[in-house]
Amino acid sequence: MTFAERMLHIDRRIIFLVIGVCTLLPLLYPVGLAIKVSPEVRGVHDYIESLPEGSVFLLSMDFDPASKPELQPQAVALLRHAFKKNLRVIGMTLWVTGTGLADLVVSQAAQEMGKVNGKDYVFLGWSPGVGSLIITMGQDLYKAFPSDYNNQPTRELAVLKGIQTLRDVNYVVSLAAGTAGIESWYVYGKDKYKFELGGGCTGVIAPGLYPLLRSGQINGLIGGLRGAAEYETLIGQKGRAVAGMDAQSATHVAIIMLVILCNVFYLLIRTSRGQSGQPRG
Amino acid sequence: MIFLRRQLPLLITFVAGVVFAAQYYVPHPTSELMLTEVTKWLQIISGFALVLGVTSLFHIHAVKIRRKEPGWAYSLILYGGILGTIAAGFSYSFTAGQWVNGKETINGIVTAFGWIYSDMMVPLQGTMFAILAFFIASAAYRSFRARSREAALLLIAAIIVMMGRVPLGEMLLPVSGDVTQWILNVLNAAVRRAILIGISLGAVALSLKIIFGMERAYLGGGKE
Amino acid sequence: MPFETLLGAWVATGLTLFIFTFLYQDNPLFKLAEHLYVGVSVGYTIVKVYDTVIVRLLYEPMVNQGDWSLLVPLGIGMLMLARYFPKIAWLSRIAFAFIVGVGSGLAIPRIISSYILKQVEDTVRPLASLASGGGPTFTYNLLDPASNLNALVLLIGVVSVLFYFFFSIEHTGPVRVAARTGILFLMIAFGAAFGYTVMARMSLLIGRFTDLIEFADPRYGRATLWLLLATVATLIASGARRRDHPPGGG
Amino acid sequence: MLRPLAVLVCLCLFPLTAPEAGAQQAFAPPQNLRVIDTPSDSGEGLTVLWARAGYDAPEVRYQIMLGDGAEKKMVAEFPADSHYVRDSRWPWWTRVDRPDAHQFNLKSGKGLELKNGTPYAVAVAVVKGAERVEAAPVQAVPAPNWVNWNQMNNLLLVLLFGAVVFGSIRAAKRREIFLRRIPGLDAVDEAIGRATELGKPILYLTGAGDMSEPSTIAAAVILGRVAKRVAAYETDLLVPHRDPIVMAVCQEITKQSYLEAGKPDVFREDSNFFITTDQFSYTAAVDGIMLRRKPAANFFMGSYFAEALLLTETGASTGAIQIAGTDSDHQLPFFVTTCDYTLIGEELYAASAYLSREPIQLGTLRGQDFGKAFILVVLALGTLLATVGVLFATDLPMIVLDLFKDLK
């Protein structure tokens, strides 16, 4: 076995170690590289910025703990922005296992900004059905959620005054970790009930949402931790996402190095085989 | 009996499918009211379906424990996890002074159920997926080779996007940010759009076949 | 610091480390954490479904508002459970027939509208635009997604990828060229997705490491460090046992 | 039905870029004010129409006044060069006025309330600086409608596509229909051949889905083909499962394949086996199998989630030939990079239809091909027409383009 071959078949646990170190070091010793804001993220930010005080903003946190590191910073940044603009905030989730997380995010952000539950914001919790849930909300919000997460009858909440269906909501943002999320909100919601829709999502599903972004079906897209970091930069409150970007930089560059190394070794093997007349692998 | 077992479900599917497809084109309040009512029902029924999904898990692990198959102790842990969580979900919170009833927090006080959620479920699920970070790196190192023109293209696109998405990459190669934007907005969007159109045609064809009784796999099992 | 917070930190750290041991090899600690994870998430779902569906959507509206029409979905839901009784298992088909029927019906026009018409509408763009002076012109700014050049590239991409997924004609001649172009587009999109996903997965790792770093603090009794030692010790011990008694199978 | 036709005729007969509506710059109230119940809606909406005027400019503003008998209040105000019929996103077949007239829709919601069956008086005023003139109010009654004519193109497409799919299925039942060769299937044979040479087993996974998912069905069909080859070569086959029902089905299929290959004696009941339903224990177990038994070929067919990379990366590390086929597009990049051959998306269904020769599958595939061909033609023709529209500054191409717009 040549050197290149041995390097290509190196124990993967060594690579695991490299990645572990590249993540850990920047977290312990942050650098703080500047972050450029993309038009996709600006789309969501500017729309919230343009909403007059008292407008209704619905944040659907459609993710579970597996995507917490990516989507929680987005949720926190969006809520801070919405609360600062004095919008009426409705929180909810389409993912049952995300309920606890969503509750925590909303109540913490509200506490931080001095907002009152039931008056400035409400957390509706989870309800089953995805598509049928969104349609029911579009027809009659109070049928879909007779009571909120804290068992308060929704009809009596001050924050929901004058809101009957999704048609009365000014802006919906879905933070999605999968198909029950932005797509569902568009197909079963915006398509018919005509609220403006924005999205935030994990890096895994972000590329798949660009057709919807281009056609204006969503007016902005916050993609992954980078998107969250951009949003934090836009509202001038740096948080977990910005802090994580240094580690992202390090691991990304490490992976790029690995890819290049892999190809160098691969080419070495190919050329040496080509010379010795062996069949190509 | 044969009618009840075989034709009736097909008839129900047909009627429900046609009525709710047609509903889309009928804006009258009567039709909207029907939609509200039935989607609300569907919401409740999908709750039952969720329970149905987890029960097979109960069954499989019960068998494992009964037969003392290898690793049955793990099945016991699984059962412990289920029952413990349910018990916590319906326990009484003395600090909050009321029943928990599936609430993670009551007036800001974390319940036992909330504790299980944030200190067990969140780290467990989060770490499960975090493992993938290591594997993606190892896959990049060991499989990401420019074996052909196609593979080389994939590789270059991946590297550019990786550069363009992180501040350090943009610093090292300033053009990568703009190129990434272009790849995502134009090339990627084109492909995703074509795939979306293809998948949607497939989904519509499947739905039509279901409504007209040509596709019956959803009725479960081939045995009549 | 309250006792439950401290305990929570230790439990969370321990479970995180147990899962990470999978990177070394499959082992009992990983299996334990893994099964606990499945158990807890199933338990959680059951509690939430009960609280939301049975209590909030069914019981309360029926009893408090007298909405007895909800007996219908309750009945259909019960039919689903008939699956467990072989004699009447066929009843569950009625429930499935209803759900699948309504679901398919709802989906058809909405898919056509959002994923076909809307996508076609946005792809069909003029390959010329009006200049500020009034005459037609061709804009070729690559950075503007709405420029004519990008509209053309997008059109070529959509068309060629659609060609690749044609199955009833042989890929020869011009079709072959189109399909080959399609595969090049596909590869670029996959590469972009791979690159983007790296960020997603790394974020998860960063999230877990942030917690581990926090719990390594003396306030939490340095949970991370102690548990890390304990985990490594267990791994070594179980590794030694495995060498003595190689596992039979499974 | 006659109205759309009439509109079409009008569109063709009259030039679309209308003459300047009177060259007079005099400040007259809006002309030809009409107020009608908004067609094709669920009620609670009125549509206000009035002629375009010579003074339409950004600095001039229109005001919509709404009164329900007692008082009259302003409900909307906008620049005079906006809200034309052509901006309304109504297709030509439901337009109620010429494209250059003004149109404004009043709809209940967001602070405005209109009741069905109640007459309302609507007036339009025009404001320029300190000047303000108002047209005489017109009465109308909002009412709900039974059909949304705007969406008839959607319905038409559903019917058309349905007819094509069912037609193709019927055709497939009567005669053989052509399907191109799927290159991935040759790779399957090659991989099996290599496993036989090496005397190592073959690992086949059917994915995470249950039997109701098309990808799982396709995976089961392809398993039949693989099993047949494997039986002929008498190679070991390992099929670990995540769903008990899928396992039962696959067991039957495997048995049948061995029979067809004339080797029922070498069929082993336990080549299909169940591991567990949950994602990561299953993955850990399969990874274990790969590391211990070192299969020569790994097949990943069906739908996959995050576990895909854990499986294929481990498989690649053992040096196995890997062939994947999935419609889970979010996992495709990982399959493509770590596997030797990947059936992408619909190719998986096509491969299964190609192998099974079942008329319903073949017909559906053919029907979808027709659908794609139709969309290709629309894309090409549409782009051409849209470009012509810009080059010659005409609205005429809209007659075709409107048919392929998503309108409400």
*Asks:* Which bit of C/L155 comes within less than 4.5 Å of chain D, counting heavy atoms only: side chain, backbone, both or neither?
*Replies:*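 The answer is the side chain of C/L155.
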
*Asks:* Give, for atom CD1 of C/I112 and atom CD of D/Q151, the distance between the pair rounded to the nearest 0.5 Å.
*Replies:*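 If I round to the nearest 0.5 Å, the distance is 12.0 Å.
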
*Asks:* Of the backbone (N, CA, C, O) and the side chain (C-beta and beyond), which part of D/L179 lies under 4.5 Å from a heavy atom of chain C, both, or neither?
*Replies:*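 Both parts, backbone and side chain.
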
*Asks:* Against chain C, label D/I344 side chain, backbone, both or neither, depending on which of its atoms sit under 4.5 Å from a heavy atom there.
*Replies:*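 Looking at D/I344, backbone and side chain both touch chain C.
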
*Asks:* Kindly compute the distance separating CG (D/D406) from CZ (C/R110), expressed to the nearest 0.5 Å.
*Replies:*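 CZ of C/R110 is found 12.0 Å from CG of D/D406.
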
*Asks:* Given a strict heavy-atom distance threshold of 4.5 Å, which part of C/V159 is in contact with chain D: side chain, backbone, both, or neither?
*Replies:*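 Contact with chain D is through both the backbone and side chain of C/V159.
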
*Asks:* Please classify the contact between C/T137 and chain D as side chain, backbone, both or neither, with a heavy-atom cut-off of under 4.5 Å.
*Replies:*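 Nothing of C/T137, per the 4.5 Å heavy-atom cut-off to chain D.
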
*Asks:* Would you say that C/V124 contacts D/F404 through its side chain, given a criterion of any heavy-atom pair below 4.5 Å between the two side chains?
*Replies:*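 In short, these two side chains do not touch, never coming nearer than 4.5 Å.
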
*Asks:* Which value, rounded to the nearest 0.5 Å, describes the distance between D/L309 atom CG and C/R201 atom CZ?
*Replies:*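 That separation rounds to 8.0 Å.
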
*Asks:* How about C/Y50: does its OH atom have over 12 heavy atoms from other parts shown lying under 6.0 Å from it?
*Replies:*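 No, the 6.0 Å shell around OH holds no more than 12 heavy atoms from other groups.
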
*Asks:* Between CZ of D/F335 and CZ of C/F190, what distance do you get to the nearest 0.5 Å?
*Replies:*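 Interatomic distance, D/F335 CZ to C/F190 CZ, rounded to 0.5 Å: 11.5 Å.
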
*Asks:* Report yes if the side chains of C/F22 and D/D287 come closer than 4.5 Å at any heavy-atom pair, otherwise no.
*Replies:*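 Yes - at least one pair of side-chain heavy atoms lies under 4.5 Å apart.
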
*Asks:* Rounded to the nearest 0.5 Å, how far does CG of D/L407 lie from NZ of C/K118?
*Replies:*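 Separation between the atoms: 8.5 Å.
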
*Asks:* So which part of D/A373 gets closer than 4.5 Å to some heavy atom of chain C, the side chain, the backbone, both or neither?
*Replies:*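 Its backbone and side chain both get close to chain C.
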
*Asks:* Please classify the contact of C/I116 with chain D as side chain, backbone, both or neither, using a heavy-atom distance under 4.5 Å.
*Replies:*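 Contact with chain D: side chain only.
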
*Asks:* Would you check if the side chain of D/D369 reaches a backbone N or O of C/F167 as a donor-acceptor pair within less than 3.5 Å?
*Replies:*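 Side chain of D/D369 to backbone of C/F167: a pair is present.
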
*Asks:* C/F30 versus chain D, heavy atoms under 4.5 Å apart: side chain, backbone, both or neither?
*Replies:*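 For C/F30, the contact with chain D is made by the side chain alone.
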
*Asks:* Counting only heavy atoms not in D/F178 (residues, nucleotides, ligands), do more than 12 fall under 6.0 Å from its CZ?
*Replies:*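 Check passes, neighbour count above 12.
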
*Asks:* Atom CG of D/L379 and atom CZ of C/R125: how far apart are they, to the nearest 0.5 Å?
*Replies:*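 The CZ atom of C/R125 is 12.5 Å from CG of D/L379, to the nearest 0.5 Å.
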
*Asks:* Please determine which of D/L385, D/V390, D/V388 meets the side-chain contact (heavy atoms from CB on, under 4.5 Å) test together with C/P126.
*Replies:*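 Output: one option passes, namely D/V390.
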
*Asks:* Side chain, backbone, both or neither: which part of C/E34 has a heavy atom under 4.5 Å from chain D?
*Replies:*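 The side chain, not the backbone.
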
*Asks:* Go through the atoms of D/L365 and report whether side chain, backbone, both or neither lie under 4.5 Å from a heavy atom of chain C.
*Replies:*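 D/L365 touches chain C through side-chain heavy atoms alone.
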
